[in-house]
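Since this is a predicted model, take the numbers as computed values, not measurements. In what follows, chains carry the letters A, B, and so on, assigned in the order in which the sequence lines appear, proteins first and then strands, with residues in each chain numbered from 1.
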There are 2 protein chains.
Amino acid sequence: MKFSESEENYIKGIYALQQKSKRVNTNSLASLLETSAASITDMLKKLKSKKLLDYKKYHGFRLNEEGNREALKIIRRHRLWEYFLVSKLGMDWEKIHDIAEELEHVSSKELIDRLDQFLGNPTRDPHGDPIPNEFGIMPEVNQISLKDLQLKRSARISSVSDQSPELMEMLNNYGIRIGTPIKVLQSFDFDGSLKVKIARQPDQMISGLAAENIFVYDY
Amino acid sequence: MKFSESEENYIKGIYALQQKSKRVNTNSLASLLETSAASITDMLKKLKSKKLLDYKKYHGFRLNEEGNREALKIIRRHRLWEYFLVSKLGMDWEKIHDIAEELEHVSSKELIDRLDQFLGNPTRDPHGDPIPNEFGIMPEVNQISLKDLQLKRSARISSVSDQSPELMEMLNNYGIRIGTPIKVLQSFDFDGSLKVKIARQPDQMISGLAAENIFVYDY
DNA sequence: AAATAATTTTAGACAAATCTAAAAAATATT
DNA sequence: AATATTTTTTAGATTTGTCTAAAATTATTT
């Protein structure tokens with residue numbers, strides 16, 4: 001089965017939201033994809049008729065087996081291209097997401113499997129996210145959000161949410177890379193800000209929102 | 001200016017036909033793009049309104065300065081990706097055209113210029129076609145169609161029309177590659193067939209249609 | 001549990017890209 | 001030059017993906 005670019009974007013969006021909550025609802029997908037709720041409903045019908053979705057009117061939806069398989073293919077393509085853009089073309093962290101977003105829709109399996117091999121079968125993309133292998137298996141991840149990291153506990157950055165160039169820009173500013181050591185020194189309930197120590201830099205403050213989008217290995 | 005995938009395909013098609021005849025007509029573009037004449041007319045209006053086209057109703061059309069510039073960008077992307085697919089991923093001649101056809105629509109200039117550099121600024125794609133540089137300049141070509149090659153004259157394959165996997169398959173069968181020595185021994189008016197000597201192989205017959213789509217260096 | 005608020009779906013419209021069939025214009029033929 | 005043929009354009013319909021506004025449903029609050 002081949003899917004349109006639009007269909008693929010919805011599938012990917014649903015997959016992403018499923019990681020947070022079992023069932024996904026219309027509005028959250030609408031806000032993720034920056035589209036109207038009505039458009040979501042329209043597409044849900046289509047994806048349901050294509051048997052990718054478990055969907056009950058007014059009661060949320062989720063990808064079925066087949067839908068998840070398809071999502072993992074798209075994610076594999078996206079992350080392999082991100083890896084390519086950084087490791088072979090030397091592009092900056094902030095720029096790769098949008099380009100990979102376009103490249104991911106080229107769906108030749110042979111192309112992607114050969115690219116994978118050419119890149120040396122990487123298991124993590126430049127943001128630290130796991131890359132599904134050609135059978136759709138994700139390497140195991142043991143990571144937690146920085147905001148959930150125990151105080152004073154030494155950890156290392158495992159990945160960062162790859163959705164926004166603006167976040168990338170800020171992380172560069174903090175000197176945060178995959179593997180960078182980090183420790184949470186103090187947590188402020190007022191706004192969720194954290195005082196953190198990044199590598200050997202002086203202590204710094206980081207916002208709650210940023211902390212939510214940064215992940216560390218959980219040993 | 002950004003163009004839709006569809007617009008880009010029309011631009012590319014017009015550019016290709018312009019190489020044969022000054023002005024392009026509706027039906028020939030329709031047959032190249034395998035679409036209806038009505039669709040061509042619709043798109044001509046659009047491209048004209050976007051100022052890429054010199055178009056007079058009922059009297060053919062051609063790309064203007066701006067249109068040619070755009071066409072060269074698309075061709076550059078296509079050919080660089082073809083080069084990548086063969087030289088880095090080791091894909092077969094026959095398969096690369098269709099994949100490059102999809103990749104070419106990803107239009108980030110930085111991506112393409114970096115890809116170019118990564119590939120070592122190649123000047124010819126795997127079919128032997130010249131790759132425009134980042135300023136849209138095509139390396140000079142001095143090639144003629146095999147069907148126009150003088151009898152008994154030693155030549156080398158410079159390029160082959162890249163439109164069809166079926167042609168690629170047949171050329172592989174003949175042992176024809178870029179750079180392969182070739183000589184026309186005899187020409188048959190009956191159907192335009194040629195008796196040729198390819199490299200050190202025994203003499204072989206090749207159809208007129210194939211000969212039209214094979215090019216050699218014209219010294 | 002009734003009223004209010006929030007969420008989701010439907011109805012109907014629109015733009016892009018395509019199509020078929022008919023009309024218009026250009027070209028070729030007798 | 002009049003007629004026939006070919007080519008091109010127009011008119012109107014269709015599909016995909018989107019939208020807004022209104023209606024339906026579910027959730028929350030008093």
Quiz item: In residues 4-11 of chain B, which residues come under 4.0 Å of DNA chain C by heavy atom?
Solution: B/S4, B/S6, B/Y10
Practice problem: Examine B/K88 relative to B/F118 and say whether NZ or CZ is less than 6.0 Å from the centre of the six-membered ring and inside a 45° cone about the ring axis. | Solution: yes
Quiz prompt | d(NZ, B/K56; C1', C/dA26) in whole Å | solution = 16 Å
Practice problem: Run the salt-bridge test on A/K73 and A/E134 with the 4.0 Å N-O cut-off and return the result as yes or no. | Solution: no
Quiz item: Does A/R79 use its side chain to pair, donor to acceptor, with the backbone of A/P130 at less than 3.5 Å?
Solution: yes
Quiz prompt | Distance, rounded to the nearest Å, where B/D42 contributes CG and D/dT14 contributes P | solution = 16 Å
Self-check item: B/K45 NZ to C/dA16 C1', straight-line distance once rounded to whole Å
Solution: 14 Å
Self-check item: B/L44 CG - D/dT7 C1' separation (whole Å)
Solution: 13 Å
Quiz item: Got B/I131 and B/T123 here, is their nearest side-chain heavy-atom distance under 4.5 Å?
Solution: no
Quiz item: Is the distance from OP1 or OP2 of C/dT7 to the nearest side-chain N or O of A/T26 less than 4.0 Å?
Solution: no
Practice problem: Provide, to the nearest angstrom, the distance between the NZ atom belonging to A/K57 and the P atom belonging to C/dT9. | Solution: 8 Å
Practice problem: Could you tell me whether B/E212 atom CD has more than 12 heavy atoms of other residues or ligands within 6.0 Å of it? | Solution: yes
Practice problem: To the nearest Å, give me how far apart CG (B/L47) and P (C/dA16) are. | Solution: 13 Å
Quiz item: Of B/D129, B/L72, B/N133, which is the lone residue that meets side chain to side chain contact (heavy atoms under 4.5 Å, CB included) with B/M138?
Solution: B/L72
Self-check item: Member of A/N142, A/V184, A/I157, A/D148 meeting the side chain to side chain contact (heavy atoms under 4.5 Å, CB included) criterion with A/V216
Solution: A/I157
Exercise. With heavy atoms under 4.0 Å as the rule, sort B/F61 into base, sugar-phosphate or nothing.
Key: nothing
Quiz item: Under a 4.0 Å N-O cut-off, is there an ion pair linking B/D54 with B/K48?
Solution: no
Quiz item: Of the nucleotides D/dT10, C/dT18, C/dA11, which has the atom closest to the B/M43 side chain?
Solution: C/dT18
Practice problem: Determine, using ring centers only, whether B/Y10 and B/Y15 are less than 6.0 Å apart. | Solution: no
Quiz item: Quick one: do A/K50 and A/E66 make a salt bridge, cutoff under 4.0 Å?
Solution: no
Quiz item: Nearest-Å distance, CG (B/N25) to P (C/dA25)?
Solution: 19 Å
Protein and nucleotides 22-25 of chain D: nitrogen or oxygen contacts under 3.5 angstrom:
none

Quiz item: With a cut-off of under 6.0 Å to the ring centre and 45° to the axis, is A/R76 in cation-pi contact with A/W81?
Solution: no
Quiz item: A/K50 NZ to D/dT16 C1': how many Å, rounded?
Solution: 10 Å
Quiz prompt | Carboxylate-amine/guanidinium proximity below 4.0 Å for A/E104 and A/K12 | solution = yes
Quiz item: With a 4.0 Å cut-off on heavy atoms, is B/T41 in touch with a base, just the backbone sugar-phosphate, or nothing at all?
Solution: base
Quiz prompt | Sub-4.0 Å heavy-atom contacts from residues 27-37 of chain A onto DNA chain C, ordered by number | solution = A/N27, A/A37
